[in-house]
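Counting starts at 1 for both ligands and their atoms, following the listed order.
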Amino acid sequence: MFDALAERLESAWKTLRGQDKITETNIQEALREVRRALLEADVNLQVAKDFIETVRQRAIGAEVIAGVRPDQQFIKIVYDALVEIMGESYSPLAQADPSPTIILMAGLQGTGKTTAAAKLALHLRKENRRALLVATDVYRPAAIDQLVTLGKQIDVPVFELGTEANPVEIAQRGVAHAKALGVDTVIIDTAGRLQIDTEMMAELAAIKDAVQPHETLLVVDAMTGQEAANLTRAFHEQVGITGAILTKLDGDTRGGAALSVRQVSGQPIKFIGVGEKVEALQPFYPDRLASRILG
Ligand code: GDP
């Protein structure tokens with residue numbers, strides 16, 4: 001998925017081969033190539049600009065290191081900046097003590113939110129944590145059915161009160177039910193909309209207020225590229241997120257969204273979705289992704 005980006009960056013390094021050291025002049029072309037690479041990968045324009053500026057300043061200020069070629073030095077600067085922008089290392093999920101840990105799932109419709117809720121429950125089970133899934137999307141009966149079906153498939157209980165109940169009340173009763181069941185994690189699936197909408201945000205904020213989750217995870221569809229930045233900003237400003245799950249990274253995506261989420265919200269991507277199957281969830285390791293991007 002990041003092959004095109006890696007290829008582009010290759011031409012950036014080439015512009016520095018054979019040079020004695022990095023200078024303000026010979027870095028220009030390399031930076032232009034990096035910028036082009038980022039924009040082609042559908043990284044948000046402002047995020048790309050900030051990134052280039054950071055790299056430019058560090059590259060120009062870099063000391064010449066004996067035995068290290070300028071292109072290698074430049075690759076290292078870009079690598080470090082990439083890791084920094086995505087978060088230094090894997091950010092595990094919060095674990096509340098006393099339990100249960102409450103995880104609120106947020107995101108637009110169709111991003112893979114419901115699937116991600118189930119994937120997360122399965123992932124937790126592999127860590128010997130037991131989850132309860134809670135269905136609060138009362139606007140789409142199909143969404144409740146989908147969660148119930150997924151729950152059966154992975155053998156995780158699902159709490160729902162149909163489509164007549166109030167989402168805030170469902171969430172609260174879901175948490176109470178989790179305590180009664182003795183599970184250690186509650187994953188609350190919420191209603192999405194096709195685009196950002198005041199009512200959806202207000203409802204999310206109300207659920208958040210009522211249950212005080214330890215994690216509010218924004219589910220971001222990697223296919224949205226540039227838009228991921230605006231979406232993340234809106235959710236973070238209006239609801240407040242603690243992290244994100246970047247889905248559909250297996251698809252024909254250029255991956256740019258991976259660079260935007262933390263840059264605009266300060267919150268890390270915690271997991272990535274790499275397929276439709278319920279097993280297709282992986283913890284997100286920024287350093288591994290940076291290595292892959294740089295080839
Ligand atoms: P929601 O409306 O946000 O709850 O989205 P759903 O969970 O219903 O997912 C929407 C569609 O995206 C479904 O067809 C899922 O199978 C698919 N989907 C979810 N996550 C992924 C993923 O990581 N990769 C791929 N390829 N498809 C996914």
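Ring orientation note: the planes of Tyr285 and Tyr90 are tilted relative to one another, at an angle of 30° to 60°. Below 30°, between 30° and 60°, or above 60°: for Phe159 and His177 the angle between ring planes is between 30° and 60°, a tilted geometry.
Ile241 and Ile207 end up in the same hydrophobic cluster when Ile, Leu, Val, Met, Phe, Trp and Tyr side chains are linked at under 4.5 Å.
Ligand-side atoms of ligand 1 in range of Lys113: 1 (P), 3 (O), 4 (O), 5 (O), 7 (O), range being under 4.0 angstrom from any heavy atom. Of all the atoms in ligand 1, the ones that sit under 4.0 Å from a non-hydrogen atom of Thr114 are 1 (P), 4 (O), 7 (O). In the vicinity of Val274, heavy-atom distances shorter than 4.0 Å reach the ligand 1 atoms 23 (O).
Glu215 and Thr242 share a donor-acceptor pair across their side chains, judged by distance under 3.5 Å alone.
Of the possible polar contacts, none joining the Glu127 side chain to the Arg129 backbone as a donor-acceptor pair under 3.5 Å is found.
Residue contacts with ligand 1: Lys248 is placed with a nitrogen or oxygen under 3.5 Å of a nitrogen or oxygen of the ligand (distance criterion only). For a threshold of 3.5 Å applied to N or O pairs, the pair formed by Gln109 and ligand 1 contains no separation below that value. Inclusion of Leu249 in the set of residues having an N or O under 3.5 Å from an N or O of ligand 1 is not warranted.
A salt bridge links Glu199 with Arg193: at least one charged nitrogen is closer than 4.0 Å to a carboxylate oxygen. Salt bridge Lys248/Asp221: present, at least one basic N to carboxylate O contact under 4.0 Å.
Among all non-hydrogen protein atoms, the one lying nearest atom 10 (C) of ligand 1 is Gly110 O, 3.8 Å. Nearest protein heavy-atom neighbour of atom 8 (O) of ligand 1: Gln146 NE2, 2.9 Å.
Contact annotation for atom 22 (C) of ligand 1: protein present (non-hydrogen atoms, distance under 4.0 Å).
Nearest-residue assignment for atom 5 (O) of ligand 1 (options Ala143, Ala280, Gly192, Gly112; heavy-atom criterion): Gly112.
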